[in-house]
**Q** 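One structure coming up, written as structure tokens, with questions to follow.
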2 protein chains.
Amino acid sequence: MSSIREIAALAGLSPASVSLYLNDKSTTRVGPAAKERIDAAVKKLHYHKNIFASTLSTQESKLIGIIIPSLMPLFGNEYTNTLLTGVQSQLSERGYGMLFFPSNAHTSVEIVEEQIHRSSGCDGYVLFSTGFCTQTQVEKNILELQKTDKPFVTLNIPEMDSAIRQVLIRDLEVCSGTRYLLERGHKRIGLVLGRTGGVHAKKLYADHRDILEESGIPFDPQTVVYGEYSAEQSYTMVKKLLKQHPELTALNCMSDIMAASALLVAQDLGLSVPEELSIIGRNNSLHARLASPSITTVDLHIEEAGKSAAHLLLEAIAGSTGGQKIIISGTFIERETVRTLQ
Amino acid sequence: MSSIREIAALAGLSPASVSLYLNDKSTTRVGPAAKERIDAAVKKLHYHKNIFASTLSTQESKLIGIIIPSLMPLFGNEYTNTLLTGVQSQLSERGYGMLFFPSNAHTSVEIVEEQIHRSSGCDGYVLFSTGFCTQTQVEKNILELQKTDKPFVTLNIPEMDSAIRQVLIRDLEVCSGTRYLLERGHKRIGLVLGRTGGVHAKKLYADHRDILEESGIPFDPQTVVYGEYSAEQSYTMVKKLLKQHPELTALNCMSDIMAASALLVAQDLGLSVPEELSIIGRNNSLHARLASPSITTVDLHIEEAGKSAAHLLLEAIAGSTGGQKIIISGTFIERETVRTLQ
DNA sequence: ATAAATTGATAAAACGTTTAACTTATCGGA
DNA sequence: TCCGATAAGTTAAACGTTTTATCAATTTAT
């Protein structure tokens, strides 16, 4: 409400002096007596500098636009939230804030366009990936971001042009659940993915198939099922899968929530875990730890990925040029749902 | 990057005309031919209006400051996230965005001060409560918010002056877990709370004690334990509690995560649930549903609370005056962890 | 034919901060 | 005594958008 002009008037100074002092308390361009008067006036009028005016003047907002191309409610899934936690922690250390401009458009491309459009003027962007967007959509999002001429970084989007600043959570070579199960003697492995067409699900599908075939095990598309990242849907689909394919000795699930749901199915079908069915999850979320038996999973270091992304972006804003790619590897968290076959 | 002036130049018009058209596509103050030239220029230069400049001019940012006095990582707890989901959904319907200005100060009061300070200029604020702040801290936060002269609403902060716009999730009268257990014949009920001194834990403590005493059952402070909202801590504390107080037939837990941890303790101690120990959680989170046996809990309608808060705030911004209080009641979700005693 | 209304535009001030350039006054040193 | 520093300020333009007031040209109504 109160402006720098009012402070200046109350302190008997010009706005310039007030601004000078407020932005550098130890400036020599304002005398000690004047400093005290400014402090008093600020206290009296509850003055806070207006970020909008200040951004306009300095051309620096200290604000990062968070772009989440999700049709689902934000903050509704653990994966995104953990990523956000990481981003946020790094940003706050460097004094940056976050801008969310949600949209209620109906396609993920429109959502991103609107988000970018409305947050125009902030210092950079983080583009999240969600299981709900396809490769084509992602590419359009990137194009849109490039038009802004501001630095941005993409978070865990597979198959990305490497000229783009990005943080990638790699699980294939290093820590595929399928490979883990294979190494423990499993040959009939079901796959529980998120959403058909989603970038992540597609990647995991291909990985699963390739790894099986490399090992000389025929891949049966019928043993792949989509749980839509939801507990209900996963329950239904896994139940159907296990009934139709009783030969399966293990399930590789794309998320811990889906793994926990699979565990419930096993219990309801009277299959003991891990004796009759092994289950591996992904994410190392609380759901895996609190399940009983506790679920073996792969820790994707999601929070760290968020931090790295923010770090990369901040470097870019500070002037470092060129694309850069950070790859985060997962690690297995061995718990009680995987059995080694003889 | 590109400004309205450049668009104007490219379209052979004045900035005023461009602004007029861009803010009202059907304006009659710009001719059809001119409109086309503007559209072309906008497309060519990838123009997006700068929200900072526009906010400065209109004195309206369409941005809500989200104030979360948390020392813990943001987005790290389900309760806050669900609240945020609600807030966000309502805001986005009305075209508002959210501003997060995290802080790394060391007390919750300083955090709030910094958040308010840095988001000065936005249209209103939502003050979240977290289990980590005390009544005194909350009161300081409110004072600070009042100084901004902007509308704000508090979310689920008990014992609040009713002149303040607020949304309260009430569980005492309507749906206390303690009462629920009492009505099912339990007399020795342990209480698992969040954090000592936290506003919410304090409220539930008092409720628990009062309800017991009203029913003529002596309240034993030794049967109250603090799980710090964490799975590990809850496990440890509940284990200690159950060992020291084997007479307990039921546990009222302040969150589903703590209830799920309690369930794990019971399993490890060889207590069957609900035959030998009944457990009730709170929040109706996925953890309660995915546990086995699934956990009886109380749905606090947290997302709805978030929505109401945003709605209240938006009304206030639109000019409606006076404090207003919205009370959301919980409902019981009956599942498998509570047994009715003879 | 003239007055009134409409159409299609523009100029300029305003929003609150920042900052480069400028102005005094005072003081120490040669 | 005068010069140069330094301290303690101020002025004014700029950032990008909005909006009120103004204007000229054209159309419509009488």
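Everything numeric in this text was worked out from a predicted model, so none of it was measured. Every chain is numbered from 1, with letters handed out A, B, ... down the list of sequences.
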**Q** Examine C/dT18: is either OP1 or OP2 under 4.0 Å from a nitrogen or oxygen in the side chain of A/N23? Give yes or no.
**A** yes
**Q** What's the CG-P distance between B/D24 and D/dT19, to the nearest Å?
**A** 11 Å
**Q** Could you tell me the separation between the CD atom of A/E36 and the C1' atom of D/dA8, rounded to a whole number of Å?
**A** 16 Å
**Q** Among side-chain atoms of A/D123 and A/S61, is any donor-acceptor pair under 3.5 angstrom?
**A** yes
**Q** Check whether any side-chain N or O of B/Q59 sits under 4.0 Å from OP1 or OP2 of C/dG16, and answer yes or no.
**A** yes
**Q** What one-letter contact string describes nucleotides 4-9 of chain C from 5' to 3', where B marks a base within less than 4.0 Å of any protein heavy atom, S marks contact via sugar-phosphate atoms alone, and - marks no contact?
**A** ---SBB
**Q** Nearest to the side chain of A/T58, heavy atoms from C-beta on, is which of D/dG16, C/dT18, D/dT19?
**A** C/dT18
**Q** So, do B/L83 and B/L155 sit near enough that their side-chain heavy atoms are less than 4.5 Å apart?
**A** yes
**Q** I'd like to know whether B/F100 forms a ring-ring contact (aromatic ring centres under 6.0 Å, His included) with B/F75, so could you lay out the CA-CA distance, the side-chain angles of the two residues, the decisive distance to 0.1 Å, and finally the verdict.
**A** CA-CA 11 Å; B/F100 284 84; B/F75 313 114; 5.4 Å; yes
**Q** Using side-chain heavy atoms (C-beta onward) and a distance below 4.5 Å, is B/L45 in contact with B/E6?
**A** yes
**Q** B/K49 NZ to D/dT19 C1': how many Å, rounded?
**A** 13 Å
**Q** Picking from C/dA11, D/dA12, C/dC15, which would you name as closest to the side chain of B/A16?
**A** C/dA11
**Q** With distance as the sole test, does A/Q115 use its side chain to make a donor-acceptor pair with the main-chain N or O of A/I68 at under 3.5 Å?
**A** yes
**Q** Whole angstrom is fine here: how far is it from CZ in A/R5 over to P in D/dT11?
**A** 12 Å
**Q** Kindly indicate, with the supporting measurements, whether the criterion side-chain hydrogen bond (donor to acceptor under 3.5 Å, both in side chains) is fulfilled by B/H200 and B/S129.
**A** CA-CA 9 Å; B/H200 300 122; B/S129 66; 3.1 Å; yes
**Q** What is the separation between atom CG on B/N50 and atom C1' on D/dC15, rounded to the nearest whole Å?
**A** 9 Å
**Q** Using the test salt bridge (Lys or Arg N to Asp or Glu O under 4.0 Å), find all partners of A/K25 that sit at least two apart in sequence or belong to another chain.
**A** A/D39
**Q** I need the CG-C1' distance between B/L56 and D/dC15, as an integer number of Å.
**A** 9 Å
**Q** How many Å lie between NE2 on A/H48 and C1' on C/dT17, as a whole number?
**A** 16 Å
**Q** From the set D/dG16, D/dT18, C/dT18, return the single nucleotide nearest to any side-chain atom of B/S19.
**A** D/dT18
**Q** Distance check needed: D/dT18 P versus B/I38 CD1, whole Å only.
**A** 12 Å
**Q** Base, sugar-phosphate, or nothing: which does A/Y21 touch, judged by heavy atoms less than 4.0 Å apart?
**A** nothing
